[in-house]
Amino acid sequence: MSRRKFDAGSGPSQRGLRVGELVRHALAEILMRGEVHDDVLASHVITVPEVRMSPDLRLATAYIIPLGGKDSKPVLAALERNRRLIRTEVAQRINLRYAPDIRFRLDESFDEASHIDSLLRASRVVEESIDQEDRRDDDDGDHDR
């Protein structure tokens, strides 16, 4: 039986994950040290929580979020303006055959997590979870007799 080279449901390869982390660290270092001379980028602290690589390692999608989540559109615009310089700096820091093209996206996972957290803290959900715990305690008590 032949093995398929790429499986659509398998997710990123180990190498893709490793290169993504290398690119993430390089981006974070470049932004932290202020090596990109842009007023918008200089006035914001930018976090790079994740970088996803394409299977051929030629495209890197960097998810970014400014500290506090404010002014995300001007920060994204500044990163796009300086994309070529950032790509050059990343290529100098990591040893790859091809320097990946970098595209920047706003990381919305923090917003989703806070939304889920607020839903779980809603009074109706808390009351239902307490009722379920009470029912479990009652069921457990019957077995002890």
Side-chain angles (χ1 to χ4, degrees), residues 1-140:
M1 188 180 251
S2 68
R3 290 179 57 193
R4 292 192 324 194
K5 195 168 192 176
F6 298 106
D7 185 11
S10 67
S13 67
Q14 193 68 31
R15 180 159 190 214
L17 293 171
R18 188 174 66 244
V19 171
E21 274 300 297
L22 289 173
V23 172
R24 185 181 75 80
H25 282 277
L27 280 172
E29 185 179 340
I30 291 166
L31 295 172
M32 180 183 67
R33 292 186 178 186
E35 295 178 19
V36 179
H37 302 291
D38 189 290
D39 293 336
V40 175
L41 297 179
S43 64
H44 290 85
V45 176
I46 301 169
T47 304
V48 185
E50 181 181 12
V51 173
R52 293 184 188 163
M53 300 299 297
S54 64
D56 63 358
L57 304 179
R58 290 189 182 219
L59 178 65
T61 304
Y63 292 91
I64 61 105
I65 186 162
L67 187 64
K70 297 177 183 173
D71 301 330
S72 57
K73 293 203 187 283
V75 168
L76 279 174
L79 289 168
E80 288 295 326
R81 273 194 312 271
N82 295 290
R83 183 193 330 210
R84 291 179 69 192
L85 172 68
I86 294 170
R87 180 182 181 193
T88 303
E89 291 292 326
V90 168
Q92 290 175 356
R93 285 176 167 75
I94 59 175
N95 185 20
L96 290 175
R97 180 174 290 160
Y98 302 103
D101 187 31
I102 302 172
R103 61 182 177 185
F104 297 97
R105 301 286 184 260
L106 184 62
D107 185 18
E108 297 173 348
S109 63
F110 292 107
D111 295 335
E112 292 174 20
S114 65
H115 177 69
I116 291 170
D117 190 46
S118 67
L119 289 175
L120 290 174
R121 292 177 189 266
S123 61
R124 191 177 106 217
V125 174
V126 171
E127 289 172 5
E128 288 178 10
S129 66
I130 290 173
D131 289 344
Q132 286 179 355
E133 286 179 17
D134 289 344
R135 279 188 234 134
R136 278 191 221 127
D137 290 343
D138 289 344
D139 290 345
D140 291 343

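This is a predicted model, so every value here is computed, not measured.
Here the closest heavy-atom approach between residue Ala91 and residue Ala99 is recorded as CB-CB, 3.5 Å. Closest of all the heavy-atom pairs between Val23 and Pro100 is CG2-CG, 4.4 Å.
In this structure, CG in Leu96 is found 6.5 Å from CE in Met53, a value given to the nearest 0.5 Å. Interatomic distance, CG of Asp71 versus NE2 of His44, reported as 3.5 Å (0.5 Å rounding). A distance of 9.0 Å separates CZ in Arg58 from CZ in Arg97, rounded to the nearest 0.5 Å. If you take CG on Asp107 and CD1 on Ile46, they are separated by 13.0 Å, rounding to the nearest 0.5 Å. Rounded to the nearest 0.5 Å, atoms CG (Leu85) and NE2 (His37) are 8.0 Å apart. Separating the CG atom in Asn82 from the CG atom in Asp38 is a distance of 4.5 Å, to the nearest 0.5 Å.
Arg93 has a carboxylate O that lies under 4.0 Å from a charged side-chain N of Glu35, or vice versa, which qualifies the two as a salt bridge. With respect to Arg24 and Glu21, a salt bridge is recorded, a charged nitrogen being found less than 4.0 Å from a carboxylate O.
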Test log, rule side-chain contact (heavy atoms from CB on, under 4.5 Å), inputs Arg83 and Asp101: CA-CA 8 Å; Arg83 183 193 330 210; Asp101 187 31; 3.8 Å; yes
Verdict with supporting geometry, Val75 and Leu41, side-chain contact (heavy atoms from CB on, under 4.5 Å): CA-CA 6 Å; Val75 168; Leu41 297 179; 4.3 Å; yes
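Side chains of Glu108 and Tyr63 form no contact here, defined as non-hydrogen atoms less than 4.5 Å apart. Taking 4.5 Å as the limit, every side-chain heavy atom of Thr61 sits out of range of all side-chain heavy atoms of Ser54.
Under a cut-off of 6.0 angstrom, the local environment of CG in Asp56 is crowded, with over 12 non-hydrogen atoms contributed by other residues, nucleotides or ligands.
Applying the side chain to side chain contact (heavy atoms under 4.5 Å, CB included) test between Leu79 and each of Val36, Val40, Ile102, Leu31 identifies Leu31 as the sole match.
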